[in-house]
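We count ligands from 1, going down the list as the structure has it; atoms in each ligand are counted the same way.
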Amino acid sequence: MPDIASNIISLKKEIPSTVKLVAVSKTRSVDEILKAYNTGHKIFGENRVQELLSKKNHLPDDIEWHLVGHLQTNKVRYIVPFISMIESVDTFKLLKIINAEASKIGRTIACLLQFHIAKEETKYGFSMDEVTGMAESSEFRQLKAVRICGIMGMATFTSDNEQIRSEFRYLYQCYNTLKTRYLNNAESFREISMGMSGDYKIAIAEGSTIVRIGSIIFGERK
Ligand SMILES: *Cc1c(COP(=O)(O)O)cnc(C)c1O
């Protein structure tokens with residue numbers, strides 16, 4: 001049995017204080033999540049809406065939930081009332097629906113734009129061209145109930161560290177270009193969510209501000 005409390009404590013000691021840790025708790029039980037929470041950790045990530053909703057009710061209200069998995073447009077309304085950040089916005093259509101649902105209830109939702117940087121075809125996400133096209137549109141500028149806080153990406157699942165590093169470097173460049181050329185250096189656009197259990201050290205070296213880590217904290221998923 002992994003010692004969840006000591007795992008998360010030592011991970012937090014190792015990560016620079018400027019980098020936020022999202023404890024990715026998908027597939028983990030309420031009890032396992034509480035073990036991490038009881039160390040004082042507040043930010044957790046889930047990738048499926050149903051699973052998030054069913055666990056959330058049994059957990060403390062001050063948890064900041066991040067959605068890190070593909071979000072279907074018909075599920076947006078279930079998470080908008082409480083979600084702290086949607087890290088996996090992968091289409092303009094989805095962003096507009098988040099905006100519409102958030103305006104209805106008077107919230108502003110922090111969002112990250114998910115980029116497709118990996119070689120695998122199955123991973124969701126925007127290309128840089130799609131994002132710049134979106135950022136230049138007047139429709140985009142009219143969205144008032146979403147706050148675009150930065151970008152997110154997953155590197156290729158590979159043991160080739162240089163491949164991973166170059167993908168993270170590319171993500172960082174996209175972030176910089178967007179911030180300076182397209183978003184007028186918006187103060188709120190400041191996050192680069194990159195790095196998981198296998199590659200967070202490389203991600204931090206390449207400028208990550210948010211790492212999303214599951215296995216190191218909770219043990220391998222079955
Ligand atoms: C599962 C998942 C993680 C965490 O993966 P680990 O390898 O267990 O750290 C991070 N990000 C996303 C988007 C995930 O789906």
Subject >> Flag if over 12 foreign heavy atoms under 6.0 Å of OH, Tyr78 >> reply: no

Original post:
Can you list the ligand 1 atoms lying under 4.0 Å from a non-hydrogen atom of Ser215?
Top reply: 6 (P), 7 (O), 8 (O), 9 (O)

Subject >> Contacting atoms of ligand 1, where contact means under 4.0 angstrom from a heavy atom of Ile213 >> reply: 9 (O)

Original post:
Taking the six-membered ring for Trp, are the ring centroids of Phe189 and Tyr175 within less than 6.0 Å of each other?
Top reply: yes

Original post:
Any idea which protein heavy atom is nearest atom 13 (C) of ligand 1, and the distance to it?
Top reply: Val68 O, 3.3 Å

Original post:
Out of Glu46, Lys55, Glu51, which residue meets the side-chain hydrogen bond (donor to acceptor under 3.5 Å, both in side chains) rule with Ser25?
Top reply: Glu46

Subject >> CA sep, side-chain torsions, deciding dist, call: Met194, Met154, side-chain contact (heavy atoms from CB on, under 4.5 Å) >> reply: CA-CA 6 Å; Met194 58 185 188; Met154 269 182 279; over 6 Å; no

**OP:** Hey, can you tell me if Tyr124 and His70 have their rings parallel, tilted or perpendicular (30° and 60° cut-offs)?
**Re:** parallel

Original post:
Are Glu206 and Arg169 ion-paired here, with the side-chain N under 4.0 Å from a carboxylate O?
Top reply: yes

Original post:
Which of the atoms in ligand 1, numbered in the order shown and given with their element, are less than 4.0 Å from a heavy-atom of Arg212?
Top reply: 4 (C), 9 (O), 10 (C), 11 (N), 12 (C), 13 (C)

Original post:
Does Glu101 pair with Arg107 as a salt bridge, N-O distance under 4.0 Å?
Top reply: no

Subject >> For Gly214, the ligand 1 atoms whose distance to one of its heavy atoms is below 4.0 Å >> reply: 4 (C), 6 (P), 8 (O), 9 (O)

Subject >> Which residue and heavy atom of the protein sit nearest atom 9 (O) of ligand 1, plus the separation >> reply: Ser197 OG, 2.6 Å

Original post:
With a 4.0 Å heavy-atom cut-off (strictly under), which part of Arg221 contacts ligand 1: side chain, backbone, both or neither?
Top reply: side chain

**OP:** Looking only at protein heavy atoms, identify the closest one to atom 1 (C) of ligand 1 and say how far it is in Å.
**Re:** Lys26 NZ, 1.5 Å

**OP:** Starting from atom 5 (O) of ligand 1, locate the nearest protein heavy atom and write down its residue, its atom name and how far away it is, to 0.1 Å.
**Re:** Met196 CE, 3.6 Å

